[in-house]
Visitor: 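Submitted below is the structure of interest, expressed as structure tokens.
Indexing begins at 1, ligand by ligand and atom by atom, following the structure's order. Keep in mind it's a predicted model, so treat the numbers as computed, not measured.
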Amino acid sequence: MSKPTSIDLLGTSSLHVDRAREAISILVKELIREANQTPNKDDVETVLLELALNRILSADLLSTIDVPAADNSAMDGFAFKGKEVDHGKAGNATLRVVASAFAGKPYMGSIQDGECIKIMTGALMPAGCDTVIPQELVTVSDTLEGQTISFQQNIVKPGENRRLRGEDLQMGKPAILAGRLLRPSDLGMAASLGIDKLTVQRKLKVAILSSGNELRSIGEQLDAGSIYDSNRFSLIGMLKRLDLEIVDCGIVRDDPIALKEAFCQAAQKADVLISSGGVSAGEADFTKQIMEELGDVGFWKIAMRPGRPMAFGTLKPLPGKTLSRKTLFFGLPGNPVAVMVTFYQFVRAALLQLNGATQTKVPTVQALSTAPIRKKPGRTEFQRAILGRNEQGQAAVSITGSQGAGILRSVSEANCFVVLAHEQGNIAAGDWVDVVLFDGLL
Ligand code: AMP
Ligand code: MG
């Protein structure tokens, strides 16, 4: 390795998943620090609100207005001066209804003592009024002098059922903080402030390649011992979820010259290179040799299943590289399930972190295991499962058949990972287990 980095400290014994994650995060921080020394104006861009979904906000979005812009009613009811009621006393208050106020059609007149205004939710509070009584709490009577309402005066306190100006958001205060992975609600929030463009991090360029002599592209003949390259497509799918720019470097043969050329090409163009295959014990020596020339990469044996071997580090910037920083490199194992598990355990958070996201964790929930699960202490396992409910209505999870690292169907049929912690032993039916869901609603 060309220069010692945090990744050297990990040694060659089996590495705890959490330590691997920490080492990745430390290296990503280093890359960000290095890049910040030579800031590049192209690292951010301004996009239309409707194109900002899944992008990362690059500076705090400050509110341009008070939200709400003025005091308004939180209820359909009647607005009046709070001093009309004495909350400590029993007995009725009676007020004359003198006008109506609607959302978008305010009452602009004034009111006298003993009067009230019929008001709809969202309508501006009329001048002098500070309290609203909901319509279901009053009795309305029609008299010769017009309409009156009466209600028990101790059921409403002065100032109630009114939304105050700036209560949700004050002008000049941050509405959304930098580093937010923008969700539909954030687009709505920006729109509610009248903001039509957002400044976001540019999309990371992520190069992907599959390595292996046995791999064939779709449409090619499958000769004896060959298989279709599926990993590139799982990777494309996972990367598209993050809305990144993908540079597809295709299939590369287990051949030092071809591999070196592909790695160089990726290092030239991309912020991140993700390869699959060629890092297992039998093949790593070969990849190691190339990596020694091209970068600073550690070859890890991670205490996890699936996904034990993984290479991680950086590729040296090559002459003429257009991007300001080194290329982050993930050499994922070749097994199709291992690719997906290691992507979600290590790569996803690193990509988000590298692009300035402040929240990279995915939430974990708990569910009861419907059946026993065999598990050896000393490694973290990621089983594929279906989360549903048992007859008692409790969250319950069932493993999707055979869990081999090559059986992609176990992921395809599942809706979640069951995560069995490093120290955990066998699971009995009815034990609680940690679950990470595949789909997020927002
Ligand atoms: P490797 O990590 O290269 O030793 O590969 C481990 C297993 O994953 C082998 O059975 C490979 O054939 C398989 N494999 C490697 N790359 C791919 C790929 N891109 N698509 C599908 N299977 C793969
Ligand atoms: Mg291979």
Visitor: Which residue and atom name correspond to the protein heavy atom nearest atom 22 (N) of ligand 1, and how close is it?
Guide: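 Nearest protein contact, heavy atoms only, for atom 22 (N) of ligand 1 is Ile227 CD1, 3.3 Å.
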Visitor: If you count the non-hydrogen atoms of other residues, nucleotides and ligands that lie under 6.0 Å from CZ in Arg409, is the total more than 12?
Guide: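 Result for CZ/Arg409: open.
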Visitor: Taking atom types as modelled, find out whether Ser398 and Thr370 have a side-chain donor-acceptor pair closer than 3.5 angstrom.
Guide: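 Yes, a side-chain donor-acceptor pair sits under 3.5 Å.
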Visitor: Is Lys203 salt-bridged to Asp243, cutoff N-O under 4.0 Å?
Guide: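 Judged by the 4.0 Å cut-off on N to carboxylate O distance, Lys203 and Asp243 do form a salt bridge.
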Visitor: Which of these passes side-chain contact (heavy atoms from CB on, under 4.5 Å) with Val200: Leu182, Val44, Ile56?
Guide: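 Exactly one option meets the side-chain contact (heavy atoms from CB on, under 4.5 Å) with Val200, and it is Leu182.
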Visitor: Based purely on interatomic distance, does Pro333 place a nitrogen or oxygen under 3.5 Å from a nitrogen or oxygen of ligand 1?
Guide: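 Between Pro333 and ligand 1 (N or O atoms, distance only) the closest approach is not under 3.5 Å.
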Visitor: Looking only at side-chain N and O atoms, does Arg308 offer a donor or acceptor that is under 3.5 Å from a partner on Ser14?
Guide: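 Yes, Arg308 and Ser14 have a side-chain donor paired with an acceptor closer than 3.5 Å.
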Visitor: Any chance you could lay out the side-chain contact (heavy atoms from CB on, under 4.5 Å) test for Cys249 and Phe263, step after step, and finish with the verdict?
Guide: CA-CA 9 Å; Cys249 300; Phe263 281 127; over 6 Å; no
Visitor: Which option wins on minimum heavy-atom distance to atom 3 (O) of ligand 1: Arg216, Glu283, Arg232?
Guide: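 Heavy atom nearest to atom 3 (O) of ligand 1 belongs to Glu283.
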Visitor: Say whether Asn231, considering both its backbone and side-chain N or O atoms, lies within less than 3.5 Å of an N or O atom on ligand 1.
Guide: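 Between Asn231 and ligand 1, an N or O pair is found under 3.5 Å apart.
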Visitor: May I ask you to list the atoms of ligand 1 that are less than 4.0 angstrom from any heavy atom of Tyr228?
Guide: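 Checking each atom against Tyr228, I get 20 (N), 21 (C).
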Visitor: Do NZ/NE/NH1/NH2 and the carboxylate oxygens of Glu22 and Arg19 come within less than 4.0 Å?
Guide: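 Counted as a salt bridge, because a side-chain N and a carboxylate O are separated by less than 4.0 Å.
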Visitor: If the cut-off is 4.0 Å to any non-hydrogen atom of Gly277, which atoms of ligand 1 fall inside it?
Guide: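 Those atoms are 2 (O), 3 (O).
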Visitor: Output the list of atoms in ligand 1 that are nearer than 4.0 Å to some heavy atom of Ser280, sorted by atom number.
Guide: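 This gives 1 (P), 2 (O), 4 (O) as the contact atoms.
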Visitor: How far is atom 19 (N) of ligand 1 from the closest protein heavy atom, and which atom is that?
Guide: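 I find the closest protein heavy atom is Asp229 OD1, 2.7 Å.
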Visitor: Take Thr380 and Val419 through the test side-chain contact (heavy atoms from CB on, under 4.5 Å) and record every step on the way to the result.
Guide: CA-CA 7 Å; Thr380 310; Val419 184; 4.1 Å; yes
Visitor: May I ask you to identify the nearest protein heavy atom to atom 20 (N) of ligand 1, giving residue, atom name and distance to one decimal place in Å?
Guide: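 I find the closest protein heavy atom is Ser230 N, 3.0 Å.
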Visitor: Please determine if Glu45 and Arg55 form a salt bridge, counting it only when a charged side-chain N lies under 4.0 Å from a carboxylate O.
Guide: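 Yes.
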Visitor: Would you kindly say whether Arg21 and Gln345 are connected by a side-chain donor-acceptor distance under 3.5 Å?
Guide: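 Checked: Arg21/Gln345 side chains pair up, N/O donor to acceptor below 3.5 Å.
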Visitor: Without swapping roles, check the side chain of Lys288 against the backbone of Phe299 for a donor-acceptor pair under 3.5 Å.
Guide: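 No, the answer is negative, given that no donor and acceptor are paired below the 3.5 Å cut-off.
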Visitor: What residue and atom, counting heavy atoms only, is the protein's closest point to atom 12 (O) of ligand 1, and at what distance?
Guide: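 I find the closest protein heavy atom is Glu214 OE2, 2.6 Å.
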Visitor: What residue and atom, counting heavy atoms only, is the protein's closest point to atom 10 (O) of ligand 1, and at what distance?
Guide: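 Here the nearest protein heavy atom works out to Asn335 OD1, 4.3 Å.
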Visitor: Would you mind listing which atoms of ligand 1 come within a distance below 4.0 Å of any non-hydrogen atom of Ser210?
Guide: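 Counting from 1, the qualifying ligand atoms are 19 (N).
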Visitor: Starting from atom 14 (N) of ligand 1, find the nearest protein heavy-atom neighbour and note its residue, name and distance.
Guide: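 It is Gly334 O, 3.2 Å.
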Visitor: Between Asp168 and Arg163, does any side-chain N to carboxylate O distance fall below 4.0 Å?
Guide: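 Answer for the salt bridge query: no.
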Visitor: In the shown structure, where waters are left out, how many protein N, O or S atoms lie under 2.8 Å from the Mg ion (ligand 2)?
Guide: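 N, O or S atoms of the protein closer than 2.8 Å: 2.
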Visitor: Any salt bridge between Asp43 and Arg325, counting N to O under 4.0 Å?
Guide: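 Result for this pair is no, no salt bridge flagged.
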Visitor: Check whether any N or O atom of Gly278, backbone or side chain, sits under 3.5 Å from an N or O atom of ligand 1, and answer yes or no.
Guide: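 Yes; the residue has a nitrogen or oxygen that sits under 3.5 Å from a nitrogen or oxygen of the ligand.
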